Student: 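Below is a structure I'd like to ask you about.
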Amino acid sequence: MNILLLGSGGRESAFAWKMSQSSLCGKLFIAPGNGGTAAYGKNILIDPNDFEAVKAVVLKENITLVVVGPEEPLVNGIHDFFLKDPALAGVPVIGPKKEGAILEGSKDFSKQFMARHGIPTAGSRSFTAATLQEGLVYLENHLTPIVLKADGLAAGKGVLILDNTAEAQEELKLMLSGKFGAAGTTVVVEEFLSGIELSMFVLTDGDHYVILPEAKDYKRIGQADTGLNTGGMGSVSPVPFAHEAFLKEVEQDIIIPTINGLKKDNIDYTGFIFFGLIKVNEKPYVIEYNCRMGDPETESVIPRIENDLVELFVATAQKRLHEVTLNISPKNAATVMIVAGGYPGEYEKGKSITGLDNLRQSMAFHAGTIAEGGVIKSNGGRVLAVTSLQDTQFDALQCATADAARIYFDGKYFREDIGFDLM
Ligand code: AMP
Ligand code: GLY
């Protein structure tokens, strides 16, 4: 079958790498892809949010499966667009419809969903411009630190953690008067939870689910988790503190109630659910849902999945996931993200990358790269994800970190401490 994968990051490189190994995979197209994905299929330079352009590719290339990497096309309704168009209705889309993607697209919705279905999460209340005064009083009466979240998609920037009530009140005013545009029309004010975070992933066909390997993502730019938040500087899988009993508890208290909650709410969900979790006193709480896989978690998770990924997607589309047994490698994966100097602030693009052939015990999943005249150049903030799969976590971390040092471009930066805090 011919497959179209939408997206252009390290996550999509890992998907493309894995899907291209499947005997079911005919031609693989990646739209728009990056400088590395052309090694696994054909890049097509269209915007995944331009649904008419996606339709044209599907029809021209006889695509019979579409896999959506990022959240934006899902939140914008790409799956609904396929279902509504008679020429596309028979082409399965891996990724939820709008009604399911709203779990990520609206934090207010996801908080109400969790409250309705008894899923453990931080206590919260939502406010709009009409209820600003109530919001200010609410902040007055709650302890700091306190968390303010823009309801809608804000490119990972819509969450503020504030240590001081007056500052939180000021920020609430700013957010409700348009600091994050339409995404901040509603603001969720949430209790601060103190603990350690991890990511869990489920692939569901709406009735059944498989639990993918868990991962931990490192969000801060600086060593030892300091400095600004980023899209993710590295990841590891498995996560040592996610022991068996804890994972069972996540399944019982969070995953099953989420799948059942979707059913009770008549939301027919096909695709990934990403549970952003925090472990507080040994108990799991949901920090957020995403309607897609994580990046850079995917780069550590996918290499541990021994199943044929296309087979998994076909079973998902056919609501046959209960027939699938997931085989997970006991090996340890570590991913170190190489970023452009200046990221997550301003940074330059177009730097020539060398050393990609020097990796000894890792693979490089391209993220923000572009191929220009046979040269791979940087083309984004997060440039390359270097992943190593080894028998021990220590070896995986060492190999990925050492190989990240073998790649060069002007201004490159990576964290040398990814995962070592877990040793
Ligand atoms: P989110 O966009 O919801 O993932 O939030 C971004 C980051 O903010 C999370 O990964 C956490 O590190 C932090 N965060 C969000 N909500 C809370 C909370 N209630 N308590 C503590 N930290 C939080
Ligand atoms: N690594 C976090 C995310 O993908 O949102």
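What you see is a predicted model; the values in this text were computed from it and never measured. Heads up: numbering here begins at 1 and tracks the sequence. Whatever order the structure lists them in is the order used to number ligands and atoms, beginning at 1.
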Student: Taking the cut-offs as 6.0 angstrom to the six-membered ring centre and 45 degrees off its axis, would you call Lys107 and Phe109 a cation-pi pair?
Tutor: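 Here Lys107 fails the 6.0 Å and 45° test against Phe109.
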Student: Under 3.5 Å between any N/O of Lys219 and any N/O of ligand 2: does that happen in this structure?
Tutor: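 Such a contact does not occur with ligand 2.
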Student: Against ligand 2, does Gly232 come closer than 4.0 Å with any heavy atom?
Tutor: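 The answer is no, since Gly232 has no heavy atom less than 4.0 Å from ligand 2.
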Student: Side chains of Lys216 and Ser199 only: does a donor on one sit below 3.5 Å from an acceptor on the other?
Tutor: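 Side chains of Lys216 and Ser199: no pair found under 3.5 Å.
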Student: What I want to know is whether Glu288 and ligand 2 share at least one N or O pair that is separated by under 3.5 angstrom.
Tutor: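 It does not: no N or O of Glu288 is found under 3.5 Å from an N or O of ligand 2.
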Student: Measure centre to centre between the rings of Phe414 and Tyr343, then say whether the value is under 6.0 Å.
Tutor: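 When the ring centroids of Phe414 and Tyr343 are compared, they turn out to be at least 6.0 Å apart.
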Student: Show which atoms of ligand 2 fall inside a sub-4.0 Å distance from at least one heavy-atom site of Gly294.
Tutor: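 Ligand 2 atoms under the 4.0 Å threshold to Gly294: 4 (O).
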Student: Can you name the closest pair of heavy atoms from Phe313 and Ile94 and give their distance?
Tutor: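 Smallest heavy-atom distance, with atoms named: O-CD1, 3.5 Å.
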Student: Would Ser300 and Ser237 count as having a side-chain donor-acceptor pair, cut-off 3.5 Å?
Tutor: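 No, Ser237 and Ser300 have no side-chain donor paired with an acceptor closer than 3.5 Å.
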Student: Between Phe274 and Phe201 (judged by ring centroids, cut-off 6.0 Å), do the two rings come close enough to count as a pair?
Tutor: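 Ring centroids of Phe274 and Phe201 are less than 6.0 Å from each other.
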Student: Quick test of your reading of the model: are Asp308 and Lys18 salt-bridged, counting only N-O distances below 4.0 Å?
Tutor: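 The answer is no: the pair does not qualify as a salt bridge.
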Student: Mind checking whether Arg292 has a heavy atom under 4.0 Å from ligand 2?
Tutor: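 True for this residue.
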Student: Got the closest protein heavy atom to atom 2 (C) of ligand 2, with its distance?
Tutor: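 Of the protein heavy atoms, Asp217 OD2, 3.4 Å lies nearest.
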Student: Judged by modelled atom types alone, do His243 and Glu282 share a side-chain donor-acceptor pair under 3.5 Å?
Tutor: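 Per modelled atom types, His243 and Glu282 side chains form a pair under 3.5 Å.
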Student: May I ask you to say whether Asp225 pairs ionically with Arg415, meaning some side-chain N is under 4.0 Å from a carboxylate O?
Tutor: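 A salt bridge is present here (some side-chain N lies under 4.0 Å from a carboxylate O).
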Student: Show me, by chain and number, every protein residue that has a heavy-atom distance under 4.0 Å to ligand 1.
Tutor: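 Correct list: Lys107, Ala122, Val147, Lys149, Val159, Ile161, Glu190, Glu191, Phe192, Leu193, Glu197, Lys219, Ile287, Glu288.
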